[in-house]
Number of protein chains: 2
Amino acid sequence: MAVTTIPAEIPPATSPGRDTYRHGDLRRALIEAGVELAREGGPAAVGVREATRRVGVTPNAAYRHFVDRLALLDAVCSACQSRVAIAMETEQEAALAVLGGPAAGSPAAPALTDAETRALRARLRFRAVGTGYLRFALAEPGLFGAAFSPSSDLESATSAARAGTTGRTPFELLTAALDDLVAVGVLPSERRPGAEFLAWSAVHGLAALLIDGPLRALDPDQVQSLVGRVVTMVEQGL
Amino acid sequence: MAVTTIPAEIPPATSPGRDTYRHGDLRRALIEAGVELAREGGPAAVGVREATRRVGVTPNAAYRHFVDRLALLDAVCSACQSRVAIAMETEQEAALAVLGGPAAGSPAAPALTDAETRALRARLRFRAVGTGYLRFALAEPGLFGAAFSPSSDLESATSAARAGTTGRTPFELLTAALDDLVAVGVLPSERRPGAEFLAWSAVHGLAALLIDGPLRALDPDQVQSLVGRVVTMVEQGL
DNA sequence: TCAGCATGTGGACAACGTACACATTAGCGG
DNA sequence: CCGCTAATGTGTACGTTGTCCACATGCTGA
């Protein structure tokens with residue numbers, strides 16, 4: 001800087017958005033900037049220099065909080081997975097609200113036995129897992145790409161930082177829905193082991209093809225149809 | 001260089017592997033180098049500097065043949081898709097060879113009607129599409145990643161550069177197998193439209209989860225089991 | 001033979017990730 | 001209240017990458 005020896009009466013004036021030398025919570029700020037970058041350009045757009053620039057800090061400051069660019073990306077990834085979990089949870093709530101919503105007996109709806117209701121709820125819950133996942137992927141392709149970029153592995157898949165409001169990660173929401181399906185007798189228990197991977201494969205694959213695969217630029221109606229059909233395929237084929 | 005004005009009696013001596021000023025077929029050489037790079041480190045590892053370095057040429061030479069790094073990557077992508085197609089074709093041949101192989105009537109095998117044989121062939125062919133795809137993904141994760149990196153779109157999906165020995169791209173092999181399934185009556189024709197995307201989603205998603213998703217580091221037996229189950233899920237759920 | 005075009009070279013620039021040394025501050029024991 | 005120390009941010013610098021520009025070279029057809 002021009003004058004290093006002067007104590008500076010005016011606050012350091014480094015950049016708008018910060019008046020103290022210390023930032024306060026740089027780590028969180030960098031993650032948020034990284035999430036924004038991911039939203040705009042996917043995981044590849046999450047860079048140390050650009051993130052620090054947006055926060056108004058020197059590039060090297062980031063290295064006090066993240067060893068690597070990859071460490072930053074991993075933190076961003078966790079934040080994005082958390083958002084996926086939240087999207088899935090709200091989708092579940094919306095789906096189940098239809099059931100309990102307009103009084104117990106809706107007009108012209110045949111009365112359901114208790115077992116039937118529970119089975120229906122489990123199925124709706126399971127479908128919501130898949131459709132919530134896909135809706136998020138379509139609404140926020142950049143965040144979705146960052147959430148499942150090759151930095152996350154199974155060990156950290158249950159990390160609390162990746163959970164939604166109910167404290168469960170996307171993967172845990174899926175396994176819970178499948179367990180429910182078994183509990184109410186919709187899914188035979190002998191087909192349960194590994195089912196999460198089959199379901200996840202189908203939904204994740206469709207997301208990949210829709211976002212930057214050969215299916216981008218499909219019109220929304222066809223997309224919506226495909227989403228429903230994939231989930232149905234999983235239900236029938238599990 | 002040290003002496004630019006001397007015509008150089010010794011051949012330019014730029015680097016081992018080339019003795020003429022002109023390379024001869026630089027474009028192809030760069031693509032091959034790029035494929036090798038992709039094999040080692042996936043699509044992200046395909047760089048113009050490293051590719052030209054391996055070919056023994058100046059970085060800028062690449063720009064006479066590719067406008068961009070992305071253009072190079074796209075060419076590499078086509079080459080990789082072609083290999084995927086070949087893997088699928090050989091898988092199909094292997095699967096069908098079991099049928100016609102050891103004479104018409106194998107021991108202790110009940111005689112099949114003509115329609116039954118044709119249906120069986122179509123199903124084997126369809127399954128081979130999926131298993132070939134997945135086997136390639138597991139055997140060559142880097143090439144697989146490059147083959148379906150976000151540079152390829154539907155328009156170029158039928159390009160001849162991406163075809164296998166029978167002249168069909170991976171996508172075309174899949175649609176052909178599905179058409180066959182309909183022709184022999186295994187798949188009801190009303191479920192045919194869009195089926196390629198459902199099938200592709202499931203298989204592609206599993207590949208993604210296996211390669212750099214949360215399923216890497218799964219032991220080979222479980223992988224093999226998942227591969228079979230996914231294809232079965234598709235068959236049943238279509 | 002020679003002009004023109006395709007192809008490869010050399011040098012340069014901006015951006016990136018990141019290592020090193022230094023400056024500044026917060027929070028502590030005295 | 002003072003000063004020490006650890007935490008945090010700054011400055012400078014290096015190597016690498018993609019890419020632009022001007023120039024050199026060699027093939028090819030008039």
Side-chain angles (χ1 to χ4, degrees), chain A residues 1-15 17-31 33-34 37 41 43-76 151, chain B residues 1-31 33-34 37 41-76 151:
Chain A
M1 286 299 158
V3 277
T4 41
T5 53
I6 296 180
E9 309 156 68
I10 15 170
T14 49
S15 75
R18 182 165 54 110
D19 52 349
T20 59
Y21 183 83
R22 298 293 224 246
H23 179 279
D25 197 356
L26 183 54
R27 183 186 164 85
R28 184 182 314 276
L30 285 174
I31 294 178
L37 287 172
V46 178
V48 177
R49 285 192 116 105
E50 182 63 24
T52 55
R53 196 175 297 138
R54 297 202 176 191
V55 173
V57 112
T58 276
N60 288 335
Y63 289 89
R64 298 293 172 191
H65 302 275
F66 304 97
V67 284
D68 258 335
R69 181 193 98 98
L70 260 147
L72 169 60
L73 184 57
D74 198 68
V76 170
S151 66
Chain B
M1 285 300 154
V3 278
T4 41
T5 53
I6 297 182
E9 310 156 70
I10 14 171
T14 48
S15 75
R18 183 163 53 107
D19 53 348
T20 60
Y21 184 82
R22 296 297 222 254
H23 179 279
D25 198 356
L26 183 55
R27 182 186 166 85
R28 184 181 316 277
L30 284 175
I31 294 179
L37 287 172
V46 178
V48 349
R49 284 193 116 105
E50 181 63 23
T52 55
R53 197 174 296 138
R54 296 203 176 189
V55 173
V57 113
T58 275
N60 288 334
Y63 289 88
R64 299 293 171 188
H65 303 274
F66 304 97
V67 284
D68 257 334
R69 180 194 99 98
L70 259 146
L72 169 60
L73 184 57
D74 198 69
V76 170
S151 68

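Hydrogens, waters and symmetry mates are skipped; everything else that's a heavy atom, side chains included, is used. A, B, ... follow the sequence lines: proteins, then strands. Residue 1 opens every chain.
Look at His65(A) and you won't find any side-chain N or O under 4.0 angstrom from OP1 or OP2 of dA7(D).
Within 3.5 Å, no donor on the side chain of Arg69(B) pairs with an acceptor on the base of dG18(D), nor the reverse. Contact of Arg27(B) with dT7(C) (side chain to base): no donor-acceptor pair of N or O atoms is detected under 3.5 Å.
Nearest to the side-chain atoms of Arg64(B) among the listed nucleotides dT7(C), dT24(C), dT17(D) stands dT7(C). Relative to the side chain of Thr58(A), the nucleotides dT10(D), dT8(D), dT18(C) differ in distance, and dT10(D) lies closest. When distances run from any side-chain atom of Arg49(B) to the nucleotides dA26(C), dG10(C), dT17(D), the shortest one goes to dT17(D).
Between Ile31(A) and Phe66(A) the shortest side-chain heavy-atom distance falls below 4.5 Å. The side-chain heavy atoms of Arg64(B) and Leu26(B), taken from C-beta on, include no pair separated by under 4.5 Å.
Between the CZ atom of Phe66(B) and the C1' atom of dA6(C) there is a distance of 16 Å, rounded to whole Å. The nearest whole Å value for the distance from the CZ atom in Arg53(B) to the C1' atom in dT9(C) is 16 Å. We find that NE2 of His23(B) is positioned 16 Å from C1' of dT25(D), with the value rounded to whole Å. Following rounding to the nearest Å, Leu37(A) (CG) and dA15(C) (C1') show an atom-to-atom distance of 15 Å. The interatomic distance linking Arg54(B) (CZ) with dT17(D) (P) rounds to 11 Å, in whole Å. Summarising the geometry, the separation between CG on Asp68(A) and C1' on dC16(C) is reported as 14 Å, rounded to the nearest angstrom.
Atom CG of Asp25(A) sits about 9.5 Å away from atom CZ of Arg27(A), to the nearest 0.5 Å.
None of Leu37(A), Val46(A), Val67(A) except one satisfies the side chain to side chain contact (heavy atoms under 4.5 Å, CB included) rule with Leu72(A); the exception is Val46(A).
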Requested in this report: Would you sort out whether Thr52(B) and Leu30(B) count as a side chain to side chain contact (heavy atoms under 4.5 Å, CB included), showing the intermediate values?
Outcome: CA-CA 7 Å; Thr52(B) 55; Leu30(B) 284 175; 3.9 Å; yes
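Map Val46(A) and Leu26(B) each onto its nearest nucleotide of DNA chain C; the residue landing nearer the 5' end is Leu26(B). Nucleotides of DNA chain D nearest to Asn60(B) and Glu50(B) differ in position, and the one nearer the 5' end is that of Glu50(B).
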